[in-house]
Trainee: 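Submitted below is the structure of interest, expressed as structure tokens.
Throughout, protein chains are lettered first and strands after them, A, B, ... in sequence-line order, and every chain is numbered starting at 1.
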Amino acid sequence: MTADPDAFRSVRAWPFEEAAKVADRLAKSGKEEAQGDVLFETGYGPSGLPHIGTFGEVARTTWVRRAFERMTGRPTRLLAFSDDMDGLRKVPDNVPNKAMLAGHLGKPLTAIPDPFGTHDSFGAHNNARLRAFLDAFGFAYEFASSTDYYRAGRFDAALLRMAALHDRVRDVILPTLGPERRATYSPFLPIHPETGVVMQVPMEEVRPEDDLLVWTDPETGRRHGTRITGGHCKAQWKADWALRWFALGVDYEMSGKDLIDSVKLSSAICRVLGGEPPATFTYELFLDEKGQKISKSKGNGLTIEEWLRYAPPESLAQFMFGAPGRAKRLHFDVIPRAVDEYLANLEKLKAQPDPANPAFHIHDGGSNDPGSPIPFAMLLNLASVVNAEEPGMLWGFIRRYAPDLTPESHPLLARLAEGAVAYYRDFVLPTKHHRAPTPVERAALEDLLHTLRALDAASDAEAIQNAVYEIGKRHPFPGLRDWFACLYQVLLGQQEGPRFGGFVALYGIPGTIGLVESALARTGEAAA
RNA sequence: GAGCCGGUAGCUCAGUCGGUAGAGCACGAGACUUUUAAUCUUGGGGUCGAGGGUUCGAGUCCCUCCCGGCUCACCA
């Protein structure tokens, strides 16, 4: 597609609307020609490991970034910024060596040994996890470590400027704090020269001309002088965000609605420093199936591993694309719908590259993926009907439906078949109830057992079906329907089922014999 | 207290530029048949949360209110 700014401006898709915001901001601020790359940022807290929200934020930011490139033709960068210099507040639950970590509370994550023992520091470990996560999805980004940036002096000029404007920055922040914090608050957090702890103490003197902060350790009563620059102090969170925006010239950053106040405050600080805050975007948080908020400690909601167990990442991207400004329920039940929406959009994309199509963004403009001619919902249904234990059973039916489909020709379909089997195994199978046979049914099943053992292993579905049908007629069932209902309820544990001969042919005669044997061995209440 | 999002069929939701209210599921009826359905056809079901405004015309735009959910007011 040729870059035609006005055409893309009118596209009814939120990434283009966001891209227009970025373009307008650049035009207004006069940065249009001044600097080169337009900078998009996503930020990461120190303690959190990458999760499903991380995927959403990076995917969404990437879509805005690409839309902006199409709209303006300008080069961009995506900075994945890790706030790894932040002090460790509490020992996380999900790590080894908790006692060791407890001895390092308050220190920057990059100054704490790695509890996993695989990296130079806890911060480095978390950073590696983040990068591996982003790489696994093929995101294009540039990683940034806060510690590295501070130490390399990339914030020095901005820090000195913030020191020179110390009172004005405080004036912006203080009204938002409670009276207790207000008394001691400083946007500067010096690193203790002896303990290495990130200190939250009042500044007695802020002397940018001497590159010096003066403060007192409340524990020892000793006064310290700490350099402002060179990584000897860091900025408190909201000031830190503003400092970063100002120093790096961040043009776009999105965040959850829990950070609305922080965005406002950091924007105000950024302006005090003399910068223009980035174009920002607030997305809604996700809820679980009951409408409760997703909380890692509660364990509700859905992890990204769980989603990918049942469906490919494109379907998760489809989910993340839809209505970011709306609170959406994120649980297992939304997966089939997201998959089928994605499949439909993929087909539309292949027919015509429409920038309003979510798949256009997910595939950065186009795709020649053969997709899946079979909807995921149908595969799930099929998996349940045939009691699918592995994808090959689904493929037996798929080939009958469309002989030219193979896992090789349609890898996405193959992935969906695997997901459907997993979904069936995890959600449908546990609810199945194999009832015990009645005396009449027991006799018929024994008859079936002998018949199956006598059958030629190469018998086709029709021959098996006829044999099963004859057994039903030999025994005193009120109707043949009851014989087949017995087969489904006793053997498969479900109310309905596939044509039985076809099922046996696919499932195998030995396997079916096993089902009958275990059903006959089962004791317990017979159905009335 | 401040802010964000929502309220449309029994359920989950879609509804584009303001132009005669839609889908899926569920439910009802029918067709097909060696029991079945990855089959087909079809039906019923709506105060679009309430009120006002703009308009020839409002689910849609504006204002007020009600209800529900969430977030922030300590830290990041």
Trainee: If we take the C1' atom in both B:rC48 and B:rG59, what is their distance in whole Å?
Mentor: 5 Å
Trainee: More 5' along RNA chain B: A:D83 or A:T176, using each one's nearest nucleotide?
Mentor: A:T176
Trainee: Provide the distance between the two P atoms, one in B:rC27 and one in B:rG10, to the nearest whole Å.
Mentor: 15 Å
Trainee: Could you list the residues that satisfy side-chain hydrogen bond (donor to acceptor under 3.5 Å, both in side chains) with A:K234, not counting sequence neighbours?
Mentor: none
Trainee: Under 4.0 Å, heavy atoms only, any strand: does A:G472 hit a base, just the sugar-phosphate, or nothing?
Mentor: nothing
Trainee: Measure all distances between protein nitrogen or oxygen atoms and nitrogen or oxygen atoms of nucleotides 2-4 of chain B, and list the pairs falling under 3.5 Å.
Mentor:
| unit_1 | atom_1 | unit_2 | atom_2 | d |
| --- | --- | --- | --- | --- |
| B:rC4 | O2' | A:E284 | OE2 | 3.3 |
| B:rC4 | O2 | A:K257 | NZ | 2.9 |
| B:rC4 | O2 | A:E284 | OE2 | 3.3 |

Trainee: Excluding sequence neighbours, so at least two apart, what forms ring-ring contact (aromatic ring centres under 6.0 Å, His included) with A:Y283?
Mentor: none
Trainee: Any chance you could encode RNA chain B as dot-bracket? Rule is Watson-Crick or G-U wobble with both distances under 3.5 Å; [ ] for pairs crossing earlier ones, | for another strand.
Mentor: (((((((..((((.....[..)))).(((((.......))))).....(((((..]....))))))))))))....
Trainee: Checking all strands, does A:L259 fall into the base, sugar-phosphate, or nothing category for heavy-atom contacts under 4.0 angstrom?
Mentor: base
Trainee: What pairs with A:L174 under side-chain contact (heavy atoms from CB on, under 4.5 Å), at least two apart in sequence or on another chain?
Mentor: A:R170, A:L177, A:R182, A:Y185
Trainee: Give the minimum heavy-atom separation between A:T280 and A:K21, together with the two atoms involved.
Mentor: O-NZ, 2.7 Å
Trainee: Given the P atoms of B:rG15 and B:rC5, what is the spacing between them in whole Å?
Mentor: 16 Å
Trainee: Considering only NZ, NE, NH1 and NH2 on the basic side and carboxylate oxygens on the acidic side, decide whether A:R60 and A:E18 come within less than 4.0 Å.
Mentor: no
Trainee: Checking A:Y469 now: which residues fulfil ring-ring contact (aromatic ring centres under 6.0 Å, His included) with it, not counting sequence neighbours?
Mentor: none
Trainee: Taking CH2 from A:W237 and C1' from B:rC72, how many angstroms apart are they, rounded to a whole number?
Mentor: 13 Å
Trainee: What verdict does the ring pair (Phe, Tyr, Trp, His ring centres under 6.0 Å) test give for A:F319 and A:W307, after you've listed the backbone C-alpha separation in whole Å, the side-chain angles of each residue and the deciding distance to 0.1 Å?
Mentor: CA-CA 11 Å; A:F319 180 79; A:W307 185 296; 5.6 Å; yes
Trainee: Rounded to whole angstrom, note down the C1' distance from B:rU8 over to B:rA21.
Mentor: 9 Å
Trainee: Check whether any side-chain N or O of A:K98 sits under 3.5 Å from a backbone N or O of A:D93 as a donor-acceptor pair, and report yes or no.
Mentor: yes
Trainee: Output yes when at least one side-chain N/O atom of A:R89 is less than 4.0 Å from OP1 or OP2 of B:rA76, else no.
Mentor: yes
Trainee: B:rC13 P sits how many Å from A:F319 CZ, rounded?
Mentor: 10 Å
Trainee: Rounded to whole angstrom units, what separation is found between the CG atom of A:L285 and the C1' atom of B:rG69?
Mentor: 12 Å
Trainee: Can you list everything that forms a side-chain contact (heavy atoms from CB on, under 4.5 Å) with A:P108? Sequence neighbours excluded, please.
Mentor: A:M85, A:T110, A:A111, A:I191, A:V198
Trainee: Measure up the A:F81 and A:Y149 rings against each other and bin them: parallel (under 30°), tilted (30 to 60°), perpendicular (over 60°).
Mentor: perpendicular
Trainee: Near RNA chain B, counting only heavy atoms under 4.0 Å, which residues of residues 181-189 of chain A show up?
Mentor: A:R181
Trainee: Can you name the residues that form a ring-ring contact (aromatic ring centres under 6.0 Å, His included) with A:W14, not counting sequence neighbours?
Mentor: A:F281, A:F321
Trainee: Roughly, in whole Å, what's the span from CZ in A:R474 to C1' in B:rU35?
Mentor: 16 Å
Trainee: Who passes side-chain contact (heavy atoms from CB on, under 4.5 Å) against A:R474, sequence neighbours left out?
Mentor: A:D447, A:T451, A:E470, A:I471
Trainee: Please identify each residue that fulfils ring-ring contact (aromatic ring centres under 6.0 Å, His included) with A:Y310, with sequence neighbours left out.
Mentor: A:F332, A:Y423, A:F427
Trainee: Take A:H361 and A:F16, measure what ring pair (Phe, Tyr, Trp, His ring centres under 6.0 Å) needs, and give me the verdict at the end.
Mentor: CA-CA 10 Å; A:H361 299 268; A:F16 283 102; 5.3 Å; yes
Trainee: Dump every N/O contact between nucleotides 8-11 of chain B and the protein below 3.5 Å, one line per pair.
Mentor:
none

Trainee: Choosing from B:rU35, B:rU12, B:rA76, which nucleotide comes nearest the side chain of A:Q465?
Mentor: B:rU35
Trainee: Work out how far the P atom of B:rU54 is from that of B:rG44, and round it to whole angstrom.
Mentor: 37 Å
